[in-house]
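The structure under discussion appears below in the form of structure tokens.
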Amino acid sequence: MTRAPIAPYPALRLRRLRQADWVRRLVRETTLAPADLIWSIVVHDGPEPEVPVASMPGAPRLSVGRAAEAAREARKLGIPAVAVFPYVDGEKKDDRGSAAYDPDGLVCRAVKAMKDAAPEVGIMCDVALDPFTTHGHDGMIENGRVLNDATIERLVEQGLIQAAAGCDILAPSDMMDGRVAALRTALERESLQDVMIMAYAAKYASAFYGPYRDAIGSSKLASGLFDKKTYQMDPANTEEALREVALDIAEGADMVMVKPGMPYLDIVRRVVEAFACPTFAFQVSGEYAMLTAAAQNGWLDEDRAILESLQAFKRAGCAGIITYFAPRAARIMQG
Ligand code: PBG
């Protein structure tokens, strides 16, 4: 990019372009709109329309009926898509995550209800076993190791029932090697070639997922594996993120994601610059909790902090942001 030669002060006064709202709007480099947001929600199977989650004030678990209303709300607010995560009752969990491939399970029922309520709103589903396993890991475990290829077979079953239920975007968040290719092949085979894949391509083993595990009632990690570092990425790495993204695109991902969000904007930027592929970021539960807690203490102006945090993703080059703040942010934007 060629830049104008720097004229010295006082010929150049950069504050001139900041003096009024109209000119600030005129020279604004990036924009944020409801159309940039994917609303993440957690659904549960009970009758209560909303069940509060202590570590995520303002982002309760929703019943299936309430999730359908949320889809209508998304449509009204101009939010293009909703991402669904399940809270699974303890007695439905086992070590293989069997409930993940139950076509009458919670996720599929929620997808159908939401699609019935607002067919114009895109629905995205997480493909991973952790909400369904007693050990809380994203895959199958044997001898203290998370199995890659055996897990992929389960993920394919899970993805196919979600797609059959009407899910528009499969979002594998498990970080097994080769899962995007396996999902894409299976979708082709089942004549579901229009189903999109948004790969959690660069997903880090992060402390910022803590409140989410509360929200979905994920078990404390067990089976001798007390973290997800053997499959999720080391927060110290950048080059590896580019390899992950390149692979997922080659395997058939339509869109890629970096996760978590705000602490990883450098990764977003590098991915955006390296690949011509729509890149999303997940503003995760811990980011939501931090902003909300500070605001509740009166330490931050919540509305401004929410919009500024989302604008940062656009500035970094994101096509869009997955966020629990989506409806609130859309309402603030509407003024
Ligand atoms: C599970 C999954 C996680 C999140 C989305 N899908 C947690 C994890 O990997 O442990 C995190 C979402 C959030 O923190 O908001 N595969």
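Note that these values count all heavy atoms, side chains included, but never hydrogens, waters or copies made by symmetry. Please read these numbers as outputs of a predicted model, since none were measured by experiment.
Separating the OG atom in S98 from the CD atom in Q158 is a distance of 11.5 Å, to the nearest 0.5 Å. Between the NZ atom of K115 and the NZ atom of K112 there is a distance of 14.0 Å, given to the nearest 0.5 Å. Here the CZ atom belonging to R61 is positioned 15.5 Å from the CZ atom belonging to R66, to the nearest 0.5 angstrom. Here the CD1 atom belonging to I38 is positioned 10.5 Å from the OG1 atom belonging to T323, to the nearest 0.5 angstrom. The line from CG of L37 to CG of L32 is 6.0 Å long, rounded to the nearest 0.5 Å.
Under the 3.5 Å distance criterion, the side-chain polar atoms of N148 are left unmatched by any main-chain donor or acceptor of M176. D138 places no side-chain N or O within donor-acceptor distance of the main-chain N or O of A128, the cut-off being under 3.5 Å. Formation of a donor-acceptor pair under 3.5 Å by the R269 side chain with backbone atoms of R315 is found in this model. A donor-acceptor contact shorter than 3.5 Å links the side chain of K203 to the backbone of S173. Of the possible donor and acceptor atoms, one in the side chain of D36 sits under 3.5 Å from a partner among the backbone N and O of A33. For the pair H135 (side chain) and D95 (backbone), a donor-acceptor distance under 3.5 Å is present. Between the side chain of T151 and the main chain of G139, no donor-acceptor pair closer than 3.5 Å is present. Using a distance-only test at 3.5 Å, with no hydrogens or angles considered, a donor-acceptor pair links the side chain of Q162 to the main chain of D126. Side chain of R109 to main chain of D104: a donor-acceptor pair is present (N/O by atom type, distance under 3.5 Å, no hydrogens or angles). With R24 contributing its side chain and R18 its backbone, the two residues share a donor-acceptor pair below 3.5 Å.
Ion pair R331/E73 flagged as a salt bridge, since at least one NZ, NE, NH1 or NH2 atom sits closer than 4.0 Å to an Asp/Glu carboxylate oxygen. Salt bridge annotation for E120-R72: absent, with no cationic side-chain nitrogen under 4.0 angstrom from a carboxylate oxygen. A salt bridge links R154 to E157: at least one charged side-chain nitrogen sits closer than 4.0 Å to a carboxylate oxygen. A salt bridge does not link E153 with R179: none of the charged nitrogens is closer than 4.0 Å to a carboxylate oxygen. A salt bridge does not link K92 to D102: none of the charged nitrogens lies less than 4.0 Å from a carboxylate oxygen. Using a 4.0 Å cut-off between charged side-chain N and carboxylate O, D21 and R25 make a salt bridge. One finds a salt bridge joining R184 and D254 here, because a Lys/Arg side-chain nitrogen approaches an Asp/Glu carboxylate oxygen to under 4.0 Å.
Using modelled atom types and a 3.5 Å distance limit, the side chains of S55 and D214 yield a donor-acceptor pair. Side chain to side chain, E287 and S309 fail the donor-acceptor criterion of an N or O pair below 3.5 Å. Remark: the T30 side chain and the Q311 side chain contain an N/O donor-acceptor pair separated by less than 3.5 Å.
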Do L307 and M333 pass the side-chain contact (heavy atoms from CB on, under 4.5 Å) test, and can you show the C-alpha distance, the side-chain angles, and the key distance before you say yes or no? CA-CA 8 Å; L307 291 192; M333 285 182 237; 4.0 Å; yes
Check the pair E239, R270 against salt bridge (Lys or Arg N to Asp or Glu O under 4.0 Å), reporting the backbone distance first and the verdict last. CA-CA 9 Å; E239 302 302 328; R270 286 203 62 192; 3.0 Å; yes
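Shown here for L183 and V156, the closest heavy-atom pair between the two residues is CD2-CA, 3.9 Å.
Every ring pair (Phe, Tyr, Trp, His ring centres under 6.0 Å) that Y324 has, sequence neighbours left out, goes to Y288.
Looking only at side-chain heavy atoms (C-beta outward), V146 and M140 stay at 4.5 Å or farther from each other.
The 12-atom threshold is not exceeded at CG of N143, counting heavy atoms of other residues, nucleotides or ligands nearer than 6.0 Å. Surrounding CD of E273 are more than 12 heavy atoms belonging to other residues, nucleotides or ligands, all under 6.0 Å away.
With Y204 as the fixed residue, the ring-ring contact (aromatic ring centres under 6.0 Å, His included) test singles out one of Y209, Y264, F282: Y264.
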